Amino acid sequence: MQVQRVVLNSRPGKNGEPSPKNFRLERISLTPDLENGQVLVRTLYLSVDPYMRCRMNEDTGADYLTPWELSECVDGGGVGVVEASRCSALTDGDVVTSFNWPWQTHAVMIGDGLQKVDLQMVDGHLSYFLGAVGITGLTALLGVREKGHVTKGANQTMVVSGAAGACGSLAGQIGRLDGCIRVVGICGSDEKCKALVEDLGFSAAVNYRSEDISARLQDICPDGVDVYFDNVGGAVSEAVIEQMNKGGHVILCGQISQYNKDVPYPPPLSDKTQEILQSRSIMRERFMVLSYMSKAEAALFELSQLVKSAQIKVLETVVNGIENVGVAFCSMMRGGNIGKQIVKISD
């Protein structure tokens, strides 16, 4: 059978922004003669995420991430349906997901490497398995729970950067549900600010492109900042940390503003910011969701219940067609998405 796939055509280069030209669409022949343990899957949805920028480099800078190889099929989070199976655990029609799904319209995969999903967990919104009821939701929920030290009744203020993105939009809602009396989002457009406040229940939002972050935070966080869910790093994060209270907590989840730069992860902070962290006893801890997968099953069930009861609202930006995966990825890296960036491959 003829299938389409996306391969890495070139690397962005040192300190370079990714371009759709870094990806190439190919047609290949796929032999559907399965060996024992294999399944043929049709791809329904693919996820594009900020961490993938690191995989475009020859050295990802993280021992848990392998680089994508030139002229090889790109992979990431995906959801699909089994069309043929020689794996005893999976049958035709099963919906499955994987963190290492090839960017192909169809693929032959090892059945043991796939996770069968329960459609009722997402009320049929299968793309949610890549976002709110998937690894993104786990990152938000467990990040807040494990590193945020949110306490009901403690009158805490949380700030989230990258707040209109896949993870930040969920983290802010979880912080509010867990007891923060004030949740402020930082994002890159007035449209996103409006969505955070009107759709997701954030207390306020700051447009870092057009507003003075420090001045706005002083105005809308009169009691300072206790918890900072950091998705972006750089100047935004240094402005937030300057407003933080003694004994506060920084959840170091991502540093998207730094991913196009040739710097170590986590990127170094200015001397001034390091002094603030030290003098105010602010805990800045890196969070890696893969270290907490023993808690994943219970957390996914909770996320499912929160989404189905509309206590958490899910925002998505959906692009159609495998030929547009590279475009969607580059748009997401520039902040072109609201909520989770998804690529729909087939019905």
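Here the structure is a predicted model, which is why all the values come from computation and not from measurement.
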Qualifying salt bridge (charged side-chain N to carboxylate O under 4.0 Å, His left out) pairs, either residue in [range], two or more places apart:
{"range": "residues 152-161", "result": "none"}
{"range": "residues 320-347", "result": "Asp49-Lys340, Lys344-Asp347"}
{"range": "residues 273-288", "result": "Lys147-Glu285"}
{"range": "residues 234-259", "result": "Glu242-Lys272"}

Got a second to check how far [X]'s [atom1] is from [Y]'s [atom2], nearest 0.5 Å?
{"X": "Arg27", "Y": "Gln2", "atom1": "CZ", "atom2": "CD", "value": "7.0 Å"}
{"X": "Leu46", "Y": "Leu130", "atom1": "CG", "atom2": "CG", "value": "8.0 Å"}
{"X": "Met244", "Y": "Ile282", "atom1": "CE", "atom2": "CD1", "value": "5.0 Å"}
{"X": "Asn231", "Y": "Cys187", "atom1": "CG", "atom2": "SG", "value": "12.0 Å"}
{"X": "Leu303", "Y": "Leu142", "atom1": "CG", "atom2": "CG", "value": "8.0 Å"}
{"X": "Phe202", "Y": "Cys193", "atom1": "CZ", "atom2": "SG", "value": "10.5 Å"}

Closest non-hydrogen atom pair, [X] against [Y]:
{"X": "Leu196", "Y": "Ala163", "value": "CD2-O, 3.2 Å"}
{"X": "Trp68", "Y": "Leu8", "value": "O-CD2, 3.6 Å"}
{"X": "Arg53", "Y": "Gly16", "value": "NH2-O, 2.7 Å"}
{"X": "Ser214", "Y": "Ala239", "value": "OG-CB, 3.8 Å"}
{"X": "Ala205", "Y": "Val197", "value": "N-CG2, 4.0 Å"}
{"X": "Val227", "Y": "Val150", "value": "CG2-CG2, 4.3 Å"}

Without swapping roles, check the side chain of [X] against the backbone of [Y] for a donor-acceptor pair under 3.5 Å.
{"X": "Ser203", "Y": "Val183", "answer": "yes"}
{"X": "Gln156", "Y": "Thr151", "answer": "yes"}
{"X": "Gln104", "Y": "His106", "answer": "yes"}
{"X": "Arg55", "Y": "Thr66", "answer": "yes"}
{"X": "Ser85", "Y": "Cys87", "answer": "yes"}
{"X": "Thr60", "Y": "Leu65", "answer": "yes"}
{"X": "Glu302", "Y": "Ala298", "answer": "no"}

Is there a side-chain contact between [X] and [Y], using heavy atoms and a 4.5 Å cut-off?
{"X": "Val318", "Y": "Ser127", "result": "no"}
{"X": "Thr139", "Y": "Phe287", "result": "yes"}
{"X": "Ile241", "Y": "Asp230", "result": "no"}
{"X": "Val48", "Y": "Val325", "result": "yes"}
{"X": "Arg145", "Y": "Lys295", "result": "no"}
{"X": "Asn9", "Y": "Asn22", "result": "no"}

Is the number of heavy atoms from other residues, nucleotides or ligands within 6.0 Å of [atom1] ([X]) greater than 12?
{"X": "Lys308", "atom1": "NZ", "value": "yes"}
{"X": "Glu58", "atom1": "CD", "value": "no"}
{"X": "Met283", "atom1": "CE", "value": "no"}

side-chain contact (heavy atoms from CB on, under 4.5 Å) between Met109 and Val96: does it pass, once the steps are laid out? CA-CA 11 Å; Met109 301 178 73; Val96 291; over 6 Å; no
What residue pairs, at least two apart or across chains, pass side-chain hydrogen bond (donor to acceptor under 3.5 Å, both in side chains) with a residue in residues 184-201? Asp190-Asn207
With sequence neighbours left out, the residues meeting salt bridge (charged side-chain N to carboxylate O under 4.0 Å, His left out) with Arg176 are none
Considering residues at least two apart in sequence or located in another chain, which fulfil the salt bridge (charged side-chain N to carboxylate O under 4.0 Å, His left out) criterion with Arg182? none
Under a single-linkage definition using a 4.5 Å side-chain heavy-atom cutoff for Ile, Leu, Val, Met, Phe, Trp and Tyr, are Ile342 and Val319 assigned to the same hydrophobic cluster? no
In terms of hydrophobic clustering (I, L, V, M, F, W, Y; side-chain heavy atoms under 4.5 Å; direct or indirect links), are Phe301 and Val307 co-clustered? no
Apply side-chain contact (heavy atoms from CB on, under 4.5 Å) to Met333 and Glu17, showing your working. CA-CA 9 Å; Met333 287 297 296; Glu17 286 191 18; over 6 Å; no
Indicate whether any N or O donor in one side chain lies under 3.5 Å from an N or O acceptor in the other, for Ser331 and Gln341. no
Answer with yes or no whether the side chains of Tyr128 and Ser304 bring together a donor and an acceptor at under 3.5 Å. no
Residues in ring-ring contact (aromatic ring centres under 6.0 Å, His included) contact with Phe329, at least two apart in sequence or another chain: Phe23
Residue from Tyr64, Tyr51, Phe129 passing ring pair (Phe, Tyr, Trp, His ring centres under 6.0 Å) with Phe99: Tyr51
For Asn36, what residues pass the side-chain hydrogen bond (donor to acceptor under 3.5 Å, both in side chains) criterion, not counting sequence neighbours? Arg86
State which residues pass side-chain hydrogen bond (donor to acceptor under 3.5 Å, both in side chains) with Asn324; sequence neighbours excluded, sorted by chain then number. none
For residues 111-124, dump all side-chain donor-acceptor pairs below 3.5 Å to protein atoms at least two apart in sequence or in another chain.
from: Asp118; atom 1: OD1; to: Gln120; atom 2: N; distance (Å): 3.0

Report the C-alpha separation of Ser346 and Thr43 in whole Å, then their side-chain angles, then the decisive distance to 0.1 Å, and conclude whether the side-chain contact (heavy atoms from CB on, under 4.5 Å) test is met. CA-CA 7 Å; Ser346 67; Thr43 304; 5.6 Å; no
What do the steps show when you test Ser47 against Trp101 for side-chain contact (heavy atoms from CB on, under 4.5 Å), and what is the final call? CA-CA 9 Å; Ser47 172; Trp101 197 285; over 6 Å; no
Other ILVMFWY residues reachable from Leu30 by side-chain steps of under 4.5 Å: Met1, Val3, Ile28, Leu34, Leu40, Val108
